[in-house]
Enquirer: 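This is the structure I want to talk about, given as C-alpha cells.
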Amino acid sequence: MLRNLLKSKFLIGVIVLLRFTMKAIIDCNNFYCSCERLFKPWLKNIPVVVLSNNDGCIISRSDEAKKLGLKMAAPYFMVKPFLEKQGVQVFSSNYALYGDLSKRVMETIASILPENCIEVYSVDEAFLDLSNVSPIELNDVVKNIKDTVELWTGIAVSIGVAPTKTLSKIANHLAKTNKEKSNCLLVLDTPDKIAAALKRTPVDEIWGIGKQFAAKIEKLNVKTGYELQLMPEEWFRKNLGGVVGVRLLHELQGSPSIGIDEQLSTKKMVSCTRRFERPLTDLKFIKEAVATYVSRAAEKLRRQQSAVKTLSVFIIPKEFKRGKVYKPLEPVTTQMKLPVATSRTNELIKQALILVEQIFKEGATYEKAGVIFSDLTPDSSLQGNFFSPQAGFGQRYLMSQVDNVNFSMRNEKVKFASAGVAKPWKMKQEFLSSGYTTRWNELRLIS
DNA sequence: TCTGGGGTCCTAGGACCC
DNA sequence: TCTGGGGTCCTAGGACCC
C-alpha cells in the first residue's frame with residue numbers, strides 16, 4: 001500500500017517535472033514541394049520534386065515522390081529519365097517564394113503562443129517553449145497550433161512534443177513515419193512513452209548524430225536511442241565531441257540541456273557561394289562571379305546592420321576524372337583582415353578581386369567560387385582607423401538605396417560594373433516557378 | 001556535360017606573455 | 001650539465017544541422 005502510494009507520488013513528481021519543461025518542434029511537411037503546390041492545386045497527388053541551386057540535385061520530395069523511391073540529394077541528371085517516365089513535376093528552387101511562406105507560417109505560430117516562446121530554427125522549423133501549458137491542455141493546444149497554421153497558410157505541418165529538444169525531434173520524426181495513425185502529431189509526456197520512442201529510433205536518426213558519430217556507435221553494437229542513453233557519460237565525452245556529447249546524453253535522458261533561444265540573433269558569418277553553370281578557365285569571368293557574390297553577401301550583411309573584418313575568398317578547381325563516389329575537390333582559399341570593418345560593396349569587391357588574383361592559376365579550370373565574411377561587428381559601433389576614415393553617411397545611404405531597389409526588384413537591377421554583363425557563370429534554373437507572393441507582376445490571377 | 005548552399009559550435013594546438 | 005609552467009588568445013579544421 002505504502003509502496004503504491006510512493007510510486008504514485010513519484011509518478012506525479014515526474015509529471016510535474018515534465019509539465020515545466022515541455023518543448024515542441026514544429027516543421028512543415030516537404031516544405032519546398034508544399035510551397036510549389038500551394039499555387040498549383042492541380043499538382044495534388046502528383047509526385048513533385050524541387051532541385052537545388054543550379055538544378056544540381058533533389059532537395060525536396062513530395063510523399064508521392066518518396067514512394068517512387070527517389071532519394072534526397074539524388075543528382076538530377078542521373079534520375080532525369082526516371083522522373084520523366086513517372087511524370088514527376090520538377091521545379092528549380094524559388095527561395096523568394098519559400099522565404100515569404102516561411103514568414104507567414106512563423107508569424108501564425110507566434111500569434112498563438114505567449115511572447116518569446118518560439119525559436120525559428122530553420123526556414124521550415126521552429127522550436128516551441130510549452131512550459132506554460134498544463135499537461136491536461138497539452139494535446140489540445142498543440143492540435144490547435146497545427147490546425148491554425150494549416151488553415152491560415154495552406155502548409156501542412158508535423159509536431160513532436162517532449163521534455164527536451166532532442167526528444168521532441170524524435171517525436172516529430174516518429175509522427176511522420178506513421179501519418180495515418182498519428183495525424184502528424186506525437187506527444188511524449190511520460191517516461192514509458194519516451195522509452196518506447198527511443199526503442200523505435202535507430203541511432204543515426206537522432207538529432208546531433210551524423211555519419212562520423214554513427215560509425216563510432218555502430219562499433220559498440222549499440223543500435224537504438226534507448227541503448228545509447230544507457231552508455232556511460234565518459235564515453236560520450238570522449239567519443240562524441242566532448243561537451244557536445246554530454247549534452248546529447250542528458251537530452252536523451254530527458255534532462256533539458258539545450259535551451260530555447262528566442263532572439264532572432266544576428267549571424268556570425270555571412271557567405272555567398274555558387275557553382276558555375278559551366279566550368280571556367282578565364283580569370284575575367286571568375287572575377288565577375290566573385291564580384292557578384294560579394295554584392296549578395298554585402299546585402300545580407302547590411303540587412304542585419306553588420307560590418308565585416310575578415311574577408312575570405314575560395315575557388316574550387318574542377319576535377320576531370322571522378323571516381324565512382326562523387327567527392328568535390330578541396331577549395332583553394334585565401335583571406336585578409338580589413339584595416340577597418342566595412343559593409344561597403346565597392347570596397348569589399350576591390351579587396352576580394354585582389355584575393356582572387358592571388359589564388360587563380362592560369363590554365364586551371366574552376367567549377368565553383370565563394371566569398372565568406374567572418375569576424376562581423378555591429379555597423380553602428382564601427383571603430384575609425386587613423387589611416388582609413390570610415391564610410392560617411394552619404395556612402396551608407398547610397399548602399400541602403402541600392403539594397404532597397406535590388407530587394408524589391410530581384411535580379412540586381414542596379415549593380416556594380418565589375419559584376420559583368422554576359423555572365424557565363426550564372427546559375428541554371430530551368431524550372432523556376434513564379435514569385436506569386438513577392439512580385440506584383442507574378443501574382444496568381446483568378447478569373 | 002550535369003552531384004547545393006548557408007550556417008553553428010567545439011576542440012586541439014600553436015603563439016605569446018609573464 | 002641542469003633552461004618552467006600556467007593562462008589566454010587565435011586559428012584551422014572537424015563535426016553537426018537544415
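In what follows, chains carry the letters A, B, and so on, assigned in the order in which the sequence lines appear, proteins first and then strands, with residues in each chain numbered from 1.
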Enquirer: Can you say whether the rings of A:W207 and A:F127 are parallel (under 30°), tilted (30 to 60°) or perpendicular (over 60°)?
Expert: tilted

Enquirer: Heavy atoms under 4.0 Å, any strand shown: does A:D55 hit a base, just sugar-phosphate, or nothing?
Expert: nothing

Enquirer: Within the structure shown, what part of the strands sits under 4.0 Å from A:Y76 by heavy-atom distance: base, sugar-phosphate, or nothing?
Expert: nothing

Enquirer: Once you apply a heavy-atom cut-off of 4.0 Å, does A:I58 come out as touching a base, just sugar-phosphate, or nothing?
Expert: nothing

Enquirer: Using a cut-off of 4.0 Å on non-hydrogen atoms, how would the nucleic acid contact of A:K368 be classed: base, sugar-phosphate, or nothing?
Expert: sugar-phosphate

Enquirer: Using the salt bridge (Lys or Arg N to Asp or Glu O under 4.0 Å) definition, which of the options A:K287, A:K284, A:K350 pairs with A:E357?
Expert: A:K287

Enquirer: At under 4.0 Å between heavy atoms, what does A:K268 touch on the DNA or RNA strands: base, sugar-phosphate, or nothing?
Expert: sugar-phosphate

Enquirer: Just to confirm, is there a sub-4.0 Å distance from OP1 or OP2 of B:dC2 to any side-chain nitrogen or oxygen of A:K318?
Expert: yes

Enquirer: Give A:K71 one of three labels, base, sugar-phosphate or nothing, depending on what nucleic acid heavy atoms sit under 4.0 Å from its own.
Expert: nothing

Enquirer: Check whether any side-chain N or O of A:K169 sits under 4.0 Å from OP1 or OP2 of C:dC18, and answer yes or no.
Expert: yes

Enquirer: Have A:N30 and A:S62 got a donor and an acceptor in their side chains that come within less than 3.5 Å?
Expert: no

Enquirer: Give me the ring orientation class for A:F360 and A:Y366: parallel if the planes are under 30° apart, tilted from 30 to 60°, perpendicular past 60°.
Expert: tilted

Enquirer: Both A:R247 and A:P75 contact DNA chain B. Which one's nearest nucleotide lies toward the 5' end?
Expert: A:P75

Enquirer: Within the 4.0 Å heavy-atom criterion, would you say A:R274 contacts the bases, only the backbone, or no part of the nucleic acid?
Expert: sugar-phosphate

Enquirer: Could you give the NZ-to-C1' distance, from A:K309 to C:dT11, as a whole number of Å?
Expert: 15 Å

Enquirer: If you pin A:N54 and A:V270 to their nearest nucleotides in DNA chain B, which one's is more 5'?
Expert: A:N54

Enquirer: If we take the P atom in both B:dT3 and C:dC18, what is their distance in whole Å?
Expert: 24 Å

Enquirer: Is A:K238 atom NZ crowded by more than 12 heavy atoms from other residues, nucleotides or ligands, each under 6.0 Å away?
Expert: no

Enquirer: Does B:dG7 have OP1 or OP2 under 4.0 Å away from a side-chain N or O of A:S271?
Expert: yes

Enquirer: Compare the minimum distances between each of B:dG4, B:dT8, C:dC18 and the side chain of A:K267, then state the nucleotide with the smallest one.
Expert: B:dT8

Enquirer: B:dG6, B:dT3, B:dT8: which one has an atom nearest the side-chain heavy atoms of A:R275?
Expert: B:dT3

Enquirer: A:I372 near the nucleic acid: base, sugar-phosphate alone, or nothing, with a heavy-atom cut-off under 4.0 Å?
Expert: nothing

Enquirer: Identify which nucleotide among C:dA12, B:dT11, B:dG4 has an atom closest to any side-chain atom of A:C57, counting heavy atoms from C-beta outward.
Expert: B:dG4

Enquirer: Select base, sugar-phosphate, or nothing to describe what A:K165 touches, counting heavy atoms under 4.0 Å on all strands.
Expert: nothing

Enquirer: Side chain of A:S52, heavy atoms from C-beta onward: which of B:dC2, B:dG4, C:dC16 has the nearest atom to it?
Expert: B:dG4

Enquirer: Output the single nucleotide from C:dC18, B:dG6, B:dC10 whose closest atom is nearest the side chain of A:V244.
Expert: B:dC10

